[in-house]
Protein chains: 2
Amino acid sequence: MNEHFPIDRRSGISAWKQIADQISRSIRSGEYDETGMVPPETVLAERFGVNRHTVRNAIAALAEDGMLRRVQGRGTLIEKRERLVYPVGRRTRFSDGLGSQAHDLEMRLLSTRSVPASEQVAAALGIPATQSIVLKLDTLSLADGEPISLSTHYFDQRRFPDMASHFERHHSITRALVEQGVEDYFRVSTEVTGRLATSEESVRLRLASTAVVLETLAVNAESSGQAIQFSRTIFAAERITLRLDTQGL
Amino acid sequence: MNEHFPIDRRSGISAWKQIADQISRSIRSGEYDETGMVPPETVLAERFGVNRHTVRNAIAALAEDGMLRRVQGRGTLIEKRERLVYPVGRRTRFSDGLGSQAHDLEMRLLSTRSVPASEQVAAALGIPATQSIVLKLDTLSLADGEPISLSTHYFDQRRFPDMASHFERHHSITRALVEQGVEDYFRVSTEVTGRLATSEESVRLRLASTAVVLETLAVNAESSGQAIQFSRTIFAAERITLRLDTQGL
DNA sequence: AAAGATTTGTCCGTATGTATG
DNA sequence: ACATACATACGGACAAATCTT
């Protein structure tokens, strides 16, 4: 393979960072699986067309993250990981879907706020576009301690005034909804787009700067068809595959 | 709202890049939908705690991408680039799904080949892993002349020996299947992953070198449940949003 | 129509960080 | 360790275009 991207000096990203990202990506794509090692610094330097010092900087950053381990006289060893499969279906639930693939699932509450509903949110929730107040819940999901996704959930303030406190007690949206009289709910629609992570997302999801994320917009509704939740979720693409099952009917 | 993250000076990402990312994200989240404009440079500079020139750099980068347009004396206008929505559901068809959103849909045949089935392909098609021959169809799909996706479709050679010629006549998989006795078929499963485009994909889809793609693995089956098609499709993420329909499941 | 406020465009210069040899 | 080159970031001043009063 060896298809590396050229280093872009005007991208606003320093050369060592770009190289670190590409090495990281090569590792993830399994390019070095045979040896379990990264090529020698001199080889990488020539391949990327940079000085060996720059490659050393890149490797140092990855070693800092624990992705690589440098051993003098031997080379640079790799530590690796797989993607989790996140099922998206009519009954999508965060913990149900990933439960079998990770030992420890965690959903951290980052912030809660009441804000006026934007047009998009109001339309999704089926509430008036003006003068509607929605509850905004920011959460970070982790699997075995590794950040998986960053979500913003919107609920109608009038319908679920105590969403925040219920969620803080259970750390689960499903349970918080049950406590507020929602017996069951369904995923109505999910839109998926792919893009580069913003710097903020890279920090929060512990990703490299040129990492890719999947952004999903989802609407959940009660059996009656009434929308109760609108969510924007940013998945770390390198750790997640979304699977849509359309088998049943 | 207005919750901007502080600029990280030690991240290896320049300030203007981080600011560009945050502005880009704010636009996507609809924060500026009311005015259709980005706040004045002086305001952004103060908000991010940087010099106005740095903000100008960030805006210049976004304007380069066509996301913003600057007008002297007036402000910086948002140019929302809309993506086509590609519905993925039980009855996913290329032309049906996009037909209403583009005037001209085209599916070009890049190559056809008969090859031994790989393990993955054989498993998906439900045929023996060894000594099975599959027909490999590479296609490029365009909407209004713009490349949308790059696909590789696999069919059991024994079941559809004339797939290539039928496809070349109709430029449609659905019609080619009909001619070979498949009255109807259904999407069984779809896996979605996000990643950076390879250099070859960038050329074929006319994308920048660091563009993002959505890679989908899909299996189609007849009413009987027998798998008839396995496809790997690479979507230009900047032009497509996948919509996973879970309404009628 | 004129004046003033707002906002982007452009120029100067200086300092710092990054990459190379 | 040092010299060099380049991109990045900051600070200030003014011009040009646009909008409001």
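None of the values given here were measured: they were computed from a predicted structure. FYI, side chains are in, hydrogens and waters are out, and symmetry mates aren't considered; it's all heavy atoms of this structure. Quick note on labels: first sequence line is chain A, next is B, and so on, each numbered from 1.
- Heavy-atom neighbours of Glu79(B) CD from other residues, nucleotides or ligands within 6.0 Å: above the threshold of 12.
- Taking atom CD of Gln18(B) as the reference point, atom P of dA9(D) lies 9 Å away to the nearest angstrom.
- In this entry the distance linking CE of Met37(B) with P of dT18(D) reads 13 Å, nearest Å.
- At a cut-off of 3.5 angstrom, counting only N and O atoms as typed in the model, there is no donor on one side facing an acceptor on the other between the side-chain of His53(A) and the base of dG21(C).
- Note on Arg9(B): only backbone sugar-phosphate atoms sit closer than 4.0 angstrom, heavy atoms only; bases stay farther off.
- Between Leu68(B) atom CG and dT8(C) atom P the separation is 11 Å, expressed in whole Å.
- A close approach under 4.0 Å does not occur between any side-chain nitrogen or oxygen of Arg74(B) and OP1 or OP2 of dT8(C).
- Between Phe160(A) and Phe155(A), the ring-plane angle classifies as perpendicular under the 30° and 60° cut-offs.
- Here dT18(C) presents its C1' atom at 16 Å from CZ of Arg10(A), a figure rounded to the nearest Å.
- What separates CD1 of Ile13(A) from C1' of dA19(C) is a distance of 16 Å, to the nearest Å.
- Both distances falling under 3.5 Å, in either a Watson-Crick or a G-U wobble arrangement, occur for no nucleotide opposite dA1(D).
- Between Arg70(B) and dG9(C) there is a side-chain N or O to OP1 or OP2 distance below 4.0 Å.
- The side chain of Asn51(A) contributes an N or O atom lying less than 4.0 Å from OP1 or OP2 of dG21(C).
- For the pair Asn57(A) CG and dG17(C) P, the computed distance is 15 Å after rounding to whole Å.
- To the nearest 0.5 Å, atoms CZ (Phe235(A)) and CG (Leu205(A)) are separated by 10.5 Å.
- The nearest whole Å value for the distance from the NZ atom in Lys17(A) to the P atom in dT8(D) is 16 Å.
- Distances shown here put every side-chain N or O of Trp16(A) at or beyond 4.0 Å from the OP1 or OP2 atom of dT18(C).
- In this structure, Thr76(B) reaches the sugar-phosphate backbone alone: every heavy-atom distance under 4.0 Å involves primed, P, OP1 or OP2 atoms, never a base.
- One interatomic measurement links the two molecules: CG of Leu44(B) to P of dT6(C), which rounds to 17 Å at whole-angstrom precision.
- For Glu46(A), the CD atom counts as loosely surrounded, since its 6.0 Å shell holds 12 or fewer non-hydrogen atoms of other residues, nucleotides or ligands.
- Below the 3.5 angstrom threshold, one finds no donor paired with an acceptor across the side chain of Arg52(B) and the base of dG12(D).
- Distance from the side chain of Ser14(A) is smallest to dT18(C) among dT8(C), dT18(C), dT18(D).
- Contact record, Arg187(A) with Tyr86(A): NH2-OH, 4.4 Å, taken as the closest heavy-atom pair.
- Here the side chain of Gln72(B) is nearest to one of dA9(D), dA7(D), dA16(D), namely dA16(D).
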